[in-house]
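Following: one structure in structure tokens, then a few remarks.
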Amino acid sequence: MKTIVANWKMNVGVRESVALARGTLLTLRGRRISPEVVICPPFIALSEVHKVVARSAVFLGAQNLFWEDHGAYTGEISGRMLTELGVSHVIVGHSERREYLGETDEMVRNKVAHALANQMNVILCVGETVSERKAGVQRERVRTQLVRVLAGVRLKSHDRLMIAYEPVWAIGTGEIPEVAEILAMNVYIRSILSEVLPEMNANKIRVLYGGSVEGNNTYPFLREQTIDGLLVGGASVKLNQLKEIIDAASEVLDAQIA
Ligand code: 13P
């Protein structure tokens with residue numbers, strides 16, 4: 001299976017989100033085989049988008065959550081509240097939140113634990129900055145993030161967790177790593193996962209790639225068996241781009257069953 005996660009970030013309001021959700025459903029219609037698609041609108045659009053995708057194959061995701069069920073946490077939203085809105089997935093630890101909101105690995109860890117406790121599916125983002133890449137410490141960075149966030153976390157099924165490898169320098173820049181680099185990082189990520197989640201089969205935990213994915217550069221990623229999908233930002237709010245990405249994923253899946 002391949003998973004396409006559309007992270008709409010703070011780019012669309014309610015009306016645009018609903019239109020994009022409807023467009024996504026149309027894009028998926030009539031296919032012999034489709035990737036799993038998760039759309040992550042801003043919080044304010046979740047309720048309306050849920051009405052569009054309820055009873056469809058498209059999953060609804062949130063871009064963030066807080067780690068307590070309820071209480072005096074002004075401006076925050078819990079996993080319990082999100083599930084009430086029909087949200088099944090949540091992106092946690094995105095580098096933009098780490099950078100602009102000061103999210104630490106400890107906070108990310110609390111969020112992952114809370115999401116799992118609320119039976120949500122977690123898309124955990126990891127990745128190095130440009131200076132870490134220049135210093136050649138990308139593996140160490142990713143390792144630290146995974147160990148700090150996941151060590152001791154209780155995971156009941158490999159389906160509940162996806163890792164999105166998103167090098168920070170590749171986000172929104174048009175720069176992408178070589179496919180071979182992503183493959184090597186995925187192997188490394190899986191080795192860390194088997195260390196920190198010894199009860200899980202790390203090969204079954206999906207590892208996605210994210211960063212400057214567009215319709216025309218998607219296929220080389222998706223045709224690799226160990227790249228389980230993509231986390232898409234800017235291109236995912238352009239329906240023609242999203243369609244191209246879903247087309248490429250369907251093509252790969254078709255070829256696998258042919
Ligand atoms: P872009 O696809 O715009 O580079 O963003 C990637 C991302 O941050 C998805 O979460």
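Both ligands and their constituent atoms are indexed starting at 1 by order of listing.
Of all protein heavy atoms, the one closest to atom 2 (O) of ligand 1 is Gly233 N, 2.9 Å. Atom 9 (C) of ligand 1 has its closest protein heavy atom at Glu166 OE2, 2.8 Å. Nearest protein heavy-atom neighbour of atom 3 (O) of ligand 1: Gly234 N, 2.8 Å.
Note on Arg190 versus Asp228: salt bridge recorded, some NZ/NE/NH1/NH2 to OD/OE distance being below 4.0 Å. For Arg15 and Glu48, the salt-bridge test fails: no basic side-chain N is under 4.0 Å from an acidic carboxylate O.
Each of the atoms 9 (C), 10 (O) of ligand 1 lies under 4.0 Å from some heavy atom of Leu231.
For Gly172, the heavy-atom gap to ligand 1 drops under 4.0 angstrom. Residue Ser212 places a heavy atom less than 4.0 Å from ligand 1. Between Lys9 and ligand 1 there is a heavy-atom distance shorter than 4.0 Å.
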task: Starting from the C-alpha separation in whole Å, work towards a yes-or-no answer on side chain to side chain contact (heavy atoms under 4.5 Å, CB included) for Asp69 and His114.
output: CA-CA 8 Å; Asp69 281 336; His114 175 78; 3.0 Å; yes
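Using a 3.5 Å distance cut-off with no hydrogens or angles, the side chains of Glu128 and Trp169 do pair a donor with an acceptor. In summary, the side chains of Glu224 and Tyr209 do not present any donor paired with an acceptor at a separation below 3.5 Å, with no hydrogens or angles considered. A donor-acceptor contact closer than 3.5 angstrom is absent between the side chains of Glu103 and His94.
Counting heavy atoms under 4.0 Å from ligand 1, residue Asn7 touches it through the side chain alone.
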